[in-house]
Amino acid sequence: MRKDVRILLVGEPKVGKTSLIMSLVSEEFPDVVPYRAEEITIPADVTPERVPTHIVDYSEAEQTDEQLFQEISKVSIPNKGASWCISSSYCLLITLLCGVDIFRVPLILVGNKSDLVEHSSMETILPIMNQYSEIETCVECSAKNLKNISELFYYAQKAVLHPTGPLYCPEKKD
Ligand code: GTP
Ligand code: MG
């Protein structure tokens, strides 16, 4: 069994990455958040897959590109495996990640702030999903309404533990 799971949230500023983490932890929407949440570790016994799970925030305001790439390498297979929280407009980064072998990570596309939109954004997301097989799943959620928050982190955990994409390496299975 894998020893732990590392989830990195990446996306454009203000999409709600930090709010998603804080909402998960406190089970309420925080009015004020720092740019970047401290890394948190969820103990194995309270995660659905019974694996300790580290959740890591990213903020362009506080971190350099170099620091971002260090975090990316920490979540990349064969290092550890990972999942991502990425806004749909981050296609360039996805392209970059999918194009470079050392950065093979299962991705999850997250559409936060679903409380602000009346219609589903799935139509926008599906073509992106079809283009990149590394994207394991997509989820619409709201940090504000606490909608799909625990589900989102569960999908991320599952994507690391049971990836269906091409990054699955049989020899790594133990
Ligand atoms: P950076 O750290 O700058 O990259 O931003 P971030 O992605 O961490 O976003 P942050 O959590 O700071 O949230 C940005 C703004 O969006 C804040 O004003 C939040 O209150 C708001 N926000 C976050 N999630 C939601 C949501 O689900 N619904 C609504 N309506 N607002 C949200
Ligand atoms: Mg933030």
Side-chain angles (χ1 to χ4, degrees), residues 4-42 46-48 52-76 80-98 100 103 105-126 128-129 132 134-160:
D4 52 10
V5 166
R6 196 170 174 87
I7 297 171
L8 175 66
L9 287 88
V10 176
E12 288 178 356
K14 304 295 160 217
V15 293
K17 301 175 296 296
T18 308
S19 301
L20 284 170
I21 297 173
M22 306 295 241
S23 288
L24 176 80
V25 173
S26 61
E27 293 180 340
E28 59 183 11
F29 180 62
D31 287 330
V32 182
V33 292
Y35 278 118
R36 187 165 181 246
E38 294 282 327
E39 178 174 330
I40 60 159
T41 299
I42 304 176
V46 292
T47 71
T53 299
H54 311 280
I55 300 177
V56 183
D57 198 6
Y58 162 72
S59 183
E60 194 184 277
E62 291 200 343
Q63 289 172 285
T64 62
D65 288 352
E66 193 177 320
Q67 286 169 320
L68 171 61
F69 280 86
Q70 270 168 12
E71 291 299 342
I72 292 172
S73 63
K74 281 195 220 168
V75 296
S76 298
K80 268 194 173 164
S83 58
W84 284 68
C85 178
I86 276 180
S87 80
S88 56
S89 50
Y90 244 56
C91 289
L92 185 67
L93 181 60
I94 297 176
T95 309
L96 190 71
L97 291 169
C98 296
V100 181
F103 290 153
V105 293
L107 304 169
I108 293 198
L109 277 182
V110 178
N112 187 34
K113 307 195 186 183
S114 64
D115 56 287
L116 295 180
V117 291
E118 277 181 29
H119 301 289
S120 162
S121 53
M122 284 301 159
E123 271 173 35
T124 325
I125 285 173
L126 282 177
I128 304 170
M129 286 203 64
Y132 301 103
E134 286 83 352
I135 301 174
E136 290 282 331
T137 192
C138 59
V139 56
E140 288 179 310
C141 63
S142 167
K144 188 165 189 176
N145 291 351
L146 303 181
K147 190 185 148 208
N148 275 346
I149 303 302
S150 52
E151 286 85 350
L152 152 65
F153 288 98
Y154 172 52
Y155 296 151
Q157 196 182 45
K158 230 174 78 162
V160 177

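Both ligands and their constituent atoms are indexed starting at 1 by order of listing. Please read these numbers as outputs of a predicted model, since none were measured by experiment.
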Contact summary for N112 and S142, nearest pair of heavy atoms: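 Smallest interatomic distance, heavy atoms only, reads OD1-CA, 3.4 Å.
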What about [X]: any of its N or O atoms under 3.5 Å from an N or O on ligand 1?
X: V15; value: yes
X: Y35; value: yes
X: D31; value: no
X: R36; value: no
X: K144; value: yes

Tell me, do [X] and [Y] make a side-chain contact under 4.5 Å, heavy atoms counted?
X: M22; Y: P34; value: yes
X: F153; Y: V139; value: no
X: Q63; Y: Y58; value: yes
X: S59; Y: T18; value: no
X: I135; Y: M129; value: yes
X: P30; Y: S23; value: yes
X: D4; Y: T41; value: no
X: L24; Y: I55; value: yes

Results of side-chain hydrogen bond (donor to acceptor under 3.5 Å, both in side chains) for E39 - residues two or more places apart only: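 Once residues adjacent in sequence are excluded, the partners of E39 under the side-chain hydrogen bond (donor to acceptor under 3.5 Å, both in side chains) criterion are R6.
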Which residue and heavy atom of the protein sit nearest atom 11 (O) of ligand 1, plus the separation: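 Minimum-distance protein heavy atom for atom 11 (O) of ligand 1 reads S19 OG, 2.6 Å.
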Evaluating non-hydrogen atoms only, which member of [options] is closest to [atom]?
atom: atom 7 (O) of ligand 1; options: Q63, K17, M22, E12; answer: K17
atom: atom 1 (P) of ligand 1; options: K14, E62, K113; answer: K14
atom: atom 8 (O) of ligand 1; options: I149, T18, V33; answer: T18

Per-atom contacts, ligand 1 versus S59 - under 4.0 Å to a heavy atom: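 Every atom of ligand 1 under 4.0 Å from some heavy atom of S59: 1 (P), 2 (O), 3 (O), 4 (O).
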Numbered atoms of ligand 1 (with element) below 4.0 Å of D115, judged on heavy atoms: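 What qualifies from ligand 1 is 26 (C), 27 (O), 28 (N), 29 (C), 30 (N).
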Residue portion contacting ligand 1 (non-hydrogen atoms closer than 4.0 Å) for L116: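 Within the 4.0 Å criterion, L116 contacts ligand 1 through side-chain atoms alone.
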Per-residue contact class, N112 against ligand 1 - non-hydrogen pairs under 4.0 Å: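 Only the side chain of N112 comes within reach of ligand 1.
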Heteroatoms of the protein, restricted to N/O/S, which lie under 2.8 Å from the Mg ion (ligand 2):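 Near the Mg ion (ligand 2), the protein supplies T18 OG1, Y35 O.
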Check: N148 side chain, E140 main-chain N or O, donor-acceptor pair, under 3.5 Å: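 Side chain of N148 to backbone of E140: a pair is present.
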Any non-hydrogen protein atom less than 4.0 Å away from atom 18 (O) of ligand 1: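 Given the 4.0 Å cut-off, atom 18 (O) of ligand 1 does not count as touching protein heavy atoms.
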